[in-house]
Amino acid sequence: MMTWENAFDICPLVAILRGLPPDHAVATGKALTGAGFTLIEVPLNSPDPLDSIARLAAELPEAVVGAGTVLDPDAVRAVSDAGGRLIVAPNFDPAVAAEATRLDLTYLPGIGTLSEAFAALAAGASALKLFPAEMIPPAALRAMRSVLPAQVKLLPVGGISTTSMQAYSQAGASGFGLGQSLYRPGQDAGDTARNAGAFIAALRGI
C-alpha cells in the first residue's frame with residue numbers, strides 16, 4: 001500500500017476533485033494516476049463524496065485517497081470507514097487533528113498564520129495547507145519558511161496554476177493543491193488527463 005510519504009515523494013501535487021460524481025470517480029482517478037498523480041482528495045461538499053472515496057480507494061492502490069473540507073471528528077471517522085487515508089481541511093481544528101491521529105490518518109489542515117501553523121504541527125499535522133493561497137503570496141510563504149522547521153511540508157492551495165507554481169516553489173513551497181485549474185465537475189477524463197500532464201510538466205520544469 002502506498003504511504004503518504006512515498007506518494008508525496010513521487011508527486012507532491014494533491015488533486016482536489018470538488019464536485020466529482022461517484023460514477024466519474026474511477027475514470028477521473030485513473031486519468032490522474034496515469035499522468036503521475038499519487039494524492040487525490042474528494043471534498044466532502046461533493047455529491048456522495050464517501051462513495052467516490054470508496055471507489056477510488058478500492059481501484060487505485062497506487063494512490064493515497066482521502067477527503068477535503070473535513071470539519072469535524074465524525075467526518076474523519078466516516079472518511080476512514082470509506083477507505084480514505086488523507087484528511088484535508090480549510091482550517092485547523094484540534095478535535096479533527098486528534099481523531100485523525102487516533103485513526104493513523106494523514107492530516108493536512110489549512111493555515112494562514114504562523115500561530116496556526118505551529119499549533120497544527122504540535123497537534124500532529126503531517127503537512128500544512130496554505131489556504132487560500134490568493135491571500136498568501138510567495139513573499140509571505142518565504143517569511144513563514146524562514147521560521148518553520150525545515151522539514152515541514154508547505155502546500156499552497158487556491159488559484160494555483162501551471163504559471164504560478166515556480167514563484168511559490170522558489171519561495172519554499174513543498175507541493176501544491178490543485179482545484180479548478182485541474183478538475184471541474186463534469187469534466188471529461190481526457191481533459192483531466194491533459195490538465196494533469198500539464199501540471200506534471202510544470203512541476204518538472206521548476
Counting only pairs under 3.5 Å, give me each side-chain donor-acceptor contact of residues 36-43, with atom names and distances, residues two or more places apart or in other chains.
| unit_1 | atom_1 | unit_2 | atom_2 | d |
| --- | --- | --- | --- | --- |
| Thr38 | OG1 | Ala7 | O | 2.7 |

Residues 6-27 vs ring-ring contact (aromatic ring centres under 6.0 Å, His included), sequence neighbours excluded, gives Trp4-Phe8

Nearest heavy-atom approach of Ala27 to Ala189 is O-CB, 4.0 Å

Residue pairs passing the side-chain hydrogen bond (donor to acceptor under 3.5 Å, both in side chains) test with at least one member in residues 194-203, sequence neighbours excluded, are Asp191-Arg194

Residue pairs passing the ring-ring contact (aromatic ring centres under 6.0 Å, His included) test with at least one member in residues 152-206, sequence neighbours excluded, are none

Those residues at least two apart in sequence (or on a different chain) that pass salt bridge (charged side-chain N to carboxylate O under 4.0 Å, His left out) with Arg142 are none

Residue pairs passing the side-chain hydrogen bond (donor to acceptor under 3.5 Å, both in side chains) test with at least one member in residues 57-71, sequence neighbours excluded, are Arg18-Thr69, Thr33-Glu62

Quick note, side-chain hydrogen bond (donor to acceptor under 3.5 Å, both in side chains) partners involving residues 88-102, not counting sequence neighbours, are Arg77-Glu99, Glu99-Arg102

Nearest heavy-atom contact between Pro138 and Ala171 is O-CB, 3.3 Å

For residues 5-16, the side-chain hydrogen bond (donor to acceptor under 3.5 Å, both in side chains) pairs (sequence neighbours left out) are Thr3-Asn6

The salt bridge (charged side-chain N to carboxylate O under 4.0 Å, His left out) partners of Asp48 (sequence neighbours excluded) come to none

In terms of heavy-atom contacts, Ala35 and Gly197 come closest through CB-N, 4.1 Å

Salt bridge (charged side-chain N to carboxylate O under 4.0 Å, His left out) filter on Asp72, not counting sequence neighbours, yields none

Taking the side chain as every heavy atom from C-beta outward, state whether Val88 and Val70 have any pair of such atoms under 4.5 Å apart. no

Ring pair (Phe, Tyr, Trp, His ring centres under 6.0 Å) filter on Phe131, not counting sequence neighbours, yields none

So the salt bridge (charged side-chain N to carboxylate O under 4.0 Å, His left out) pairs with at least one residue in residues 152-177 (sequence neighbours excluded) are none

